[in-house]
Amino acid sequence: MKLDRRKFLNMLLGFGGIGGILSVFYPVVSFLIPPKTTEPKVNSVKAGMSAEFPANSSKIIKFGRKPVILIKTDDNEYKALSASCTHLDCIVQYKNDTKQIWCACHNGIYDLSGRNVSGPPPRPLEEYEVKIVKDEIVITKVG
Amino acid sequence: MMKKIGSKLIDWIDERYDLTPVRNLLLHKKVPEHRHSIWYYMGGVTLFLFLVQLFTGILLLLYYRPGEDSAYESVRFIVTEVKFGWLIRNVHSWSANLLVLFAFIHMFSVFFSKAYVKPRELTWITGFIILVLTLAFGFSGYLLPWNELAFFATKVGTDIVGVVPVIGEPLKILLRGGEEVTGATLSRFFGIHVAILPAIFTFFLVMHLLFIQQQGMHEPEHFKNLPEEKKKYIPFFPDFALKDLLLWVIVFNVLIFLALYSPWELGNKAQAFASAPEGIRPEWYFMFMFQTLKLLPAHILFLEGELLGVLFFGVAGFVWMLVPYIKIKHRPNWKIQPLTLIGIIIVAFIVIMTVLGYIL
Amino acid sequence: MRKRFFYLSIYAITILFLFGFVLSEKKGDKTKQGTKVDQCFACHKEIENLPKDFSENDIHRHANLSCFSCHGGDPNSDDQDIAMSPSKGFVGTPKRKDIPKFCGKCHSNINIMRVYQPRIATDQVEQYYTSVHGKKLLAGDENVAECSSCHTAHSILPAKDPRSSVYALNVPNTCNKCHGNSTLMKNYNIPVNQLEEYSKSVHGIALLKNKDISAPACNDCHGNHGATPPGLKSISHVCGTCHVSNMEYFNTTRMAKAFEEQDFHGCEQCHGNHGVQKPNDEMIGVGKDSKCIDCHTEGDKGFAVSKKIYSSLTDLKNKYDAANAKYLEVRQKGMNDVEIGFQLQDAKQALIQSRTLIHTFDSAKVSDKTKEGIEFSNKASLLAQKEIDDYSTRRNGFAIATLAFLVFVIALYFKIKDKEKKAS
């Protein structure tokens, strides 16, 4: 009986000990595995394959916590600009008929290099760099 | 099976490096058992918390990036993106606070049981230095997340250094790495926190531990006076060590509990020119000093109140460090000995000022 | 003897030297015929009789034009009578009523002006005579503004130069020199508080306080050379040059027609003119600050529409505020807020757009937009709540770990007890 109690206690000690060690190691090992977004500050973002992106169209890319509008012009050139309108932070869109960037909130208009052309926007849109790496579009912050 | 491998390994080492001193220490070290034995565990808990700090600190170092534009972002990244990052960060912050708390408890328990008297003067002094270094750890680490609260607390804290005559201003500039608290201060504090302090700290900690192992546990007066056969001891290994382990595991669990249920908020990013947010407070363990300085009148005689306060704390700390050399005549008809009384007054002062700091 | 010779030679050298200097001066006069000294300027400067507002930086001086270019006369003669004789074309200071023509000699002539800037405007004088200022001047009123009243006479700078009296930031004060003068304005029955009102307006604060030169100054609404109060019909066009959507929406409504019939001033009717403030949601609806109830009364259709628009707008506003508060909490706690931020941005955009859509006075259009915004807000709220909950429900893992620790602690405790028993 006495022996049984000792064995039982040892078993408990073993289980508890291993459990305790695991519950320390599991978080630590998980911590060591680098997370998906490996950088605390985003400096570049992949925006899909260039072949799948039709000319004269645009899409909004999430660049960290900022939206960026990526535009492919008629002659297959890429433009990436901050998508936050400089007037009141609405998200701008590409007008494929007038080939301008347009903000729906107060009809602000920018040209394709981000200059504020008409309407209330006080400043141009910030520009981002676009590179094509192995057919994949990569947007990077300038500077 | 495991035991066999273990003893073989020990034999292998023993053959080459002669483990007799270690074995002797482990086998012969005894810990007195009496009604105040519980205080013997405080140093151990402090040590354990330090180890937790060391470990979580190294982990945080993997993702933390010092710098004005990256410090806050990287801490945010740690607590939002990195798996269990929130846990590691919160354990680090909580453990820091508990570490200071237990260091204080350890120190006062040593003080009241008069464990610092000859031959343990150096143990006391190294211990005091370790406490000061721990506070420096806390102060420098507080700034690293680069949030508003930390920024202004550091500003106020370093300002206080500036009131010391002659050396204050240069010292403040040295600490801040410039006239103001800026990104330069952040890099400086980072360096202090992860390189300079650990190096000095390790040295004093090793000394402190060596002294204790060399001299064994202190026996308080009432225990020493017992007849030899009534003195109860327990062996340090494994009995005391197992109890230590037991306590450590409990403390560890409490630590995780606190990290989970009462996590430290990240707050807003520090902006150098923003106006100070409400409720700028130092960490609680600086509160009693902060509050005292606040309560002092602007001028005392011809001196500035703040300056007087800073000088007072400086001198008081120094005297406190030299307590083993202070001899006050024993008064047999006093119920409480003078030194003990002073200790009680100090504890009461610290407690009252801290409480005042939080309610005023 | 020797001494005397020495002195003589010094005299001789000096005289020779002076003579040579005069000669060379004369020679220089002849060779530098083209860029020789402008006698008008030289003389007037010497006798300190330059115009009060004279500035070295004046644009005309920089274009190598001088006094005679406008005032006529002969700059080559240092004789006052010759230089300023009418026979040499001297016209002196023009009379006030002649100033527009005086400037127009060059400024209305594209052949002269195109040298300085290919697409420069030359219609200023023409425009001026269509303005109230111009008409009154023609009618013989000498108190009204002419060119120099705004541009100054002798320190004229281009409008894009921040030192210029007509630089965007300076325009309000330039106009106010006269329009803020109550004795001057009494004759015309015009109030003098425009600048005061304007400086408190959303435009004035943007321009004067925040130095945002994209904000409109006086001339952006009233014109400059053709300055005139905007007509009833043009008022919405004037505002609409910047507030495009608002104008477009408004012009298609029945309200626009009704306004015209009633002689109401478009935008101004609700928003005011010089003192225009940042609009708020209380301007719609049927509360005490509502502009709608100025005309609409309980029971009519407009009253109901206004009420409906207000309620859907405030509904979105409240939902957005609630979501935003949660978002801030999430940020404060250091949880993942990126996606919530994006949803909130969409919600905010919908809020802005629905506020613009008020000008359709169509409650269905507004509520369609606000519904969109409410959806985004709710989504953001939901995500934020999840993060906040997550914050306090990372407990399962903790429970498991605690269990393991607990087993270990209990087993260890009994083990120690056993040992102690054995020892005793």
Side-chain angles (χ1 to χ4, degrees), chain A residues 2-3 5-28 30 35-37 40 42 60-68 82-93 102-109 116-124, chain C residues 206-207 210-216 239-249 331 336-342 344-357 359 369 394 397-419 421-422:
Chain A
K2 188 107 206 223
L3 198 77
R5 179 185 157 93
R6 234 189 78 168
K7 262 193 177 165
F8 178 68
L9 275 184
N10 277 345
M11 203 176 70
L12 277 189
L13 212 57
F15 274 127
I18 291 170
I21 289 170
L22 279 182
S23 53
V24 170
F25 269 82
Y26 176 67
V28 169
S30 316
K36 264 182 280 161
T37 44
V42 185
I60 300 288
I61 310 288
K62 287 169 184 175
F63 195 95
R65 32 185 84 238
K66 285 182 193 141
V68 166
S82 156
S84 306
C85 180
T86 52
H87 179 222
L88 286 175
D89 271 348
C90 290
I91 297 195
V92 296
Q93 47 192 289
W102 177 65
C103 177
C105 285
H106 296 100
N107 218 339
I109 290 173
N116 43 328
V117 176
S118 72
R123 282 180 305 282
Chain C
L207 184 75
N210 303 337
K211 314 284 180 209
D212 180 350
I213 56 164
S214 68
C239 303
T241 48
C242 295
H243 303 276
V244 190
S245 299
N246 307 44
M247 175 189 72
E248 272 176 13
Y249 292 150
R331 273 190 73 87
N336 199 344
D337 61 326
V338 177
E339 188 53 39
I340 308 168
F342 280 119
L344 265 187
Q345 189 166 29
D346 283 334
K348 190 181 165 204
Q349 180 158 347
L351 180 60
I352 290 170
Q353 282 176 323
S354 28
R355 279 173 177 157
T356 311
L357 278 170
H359 301 95
K369 204 46 160 181
R394 286 160 165 172
F398 174 66
I400 295 169
T402 306
L403 194 71
F405 287 132
L406 201 67
V407 168
F408 184 76
V409 164
I410 292 170
L412 193 60
Y413 178 77
F414 281 111
K415 196 116 185 146
I416 293 168
K417 277 273 131 117
D418 278 8
K419 241 185 160 93
K421 229 182 247 166
K422 232 198 223 160

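Each chain gets a letter, A, B and so on, in the order the sequences are listed, and its residues count up from 1.
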Task: Side chain proximity check, A:C103 to A:H87, heavy atoms < 4.5 angstrom - done: no

Open item on the list: For chain C, which candidate among A:P67, A:P122, A:P120 shows the most heavy-atom pairs at distances under 4.5 Å?
Closed with: A:P67

Open item on the list: So that I can confirm a possible disulfide, could you see if the SG-SG distance for A:C85 and A:C90 falls below 2.5 Å?
Closed with: no

- [ ] Measure the shortest side-chain to side-chain distance between A:L13 and C:F408 over non-hydrogen atoms and say whether it is less than 4.5 angstrom.
- [x] yes

Task: Contact leader toward chain C among A:G14, A:C105, A:A104, A:P27, where contacts are heavy-atom pairs under 4.5 Å - done: A:C105

Task: Engaged part of C:F414 at the chain A interface, taking heavy atoms whose separation is under 4.5 Å - done: both

Open item on the list: If I measure from the heavy atoms of chain A, does C:S214 come under 4.5 Å with its side chain, its backbone, both, or neither?
Closed with: side chain

Task: Distance, nearest 0.5 Å, that separates CG of A:L22 from CD1 of C:I400 - done: 11.0 Å

Open item on the list: Show every side chain to side chain donor-acceptor pair (under 3.5 Å) that has at least one partner inside residues 13-24 of chain A, sequence neighbours left out.
Closed with: none

Task: Part of C:K415 lying under 4.5 Å from any heavy atom of chain A - done: both

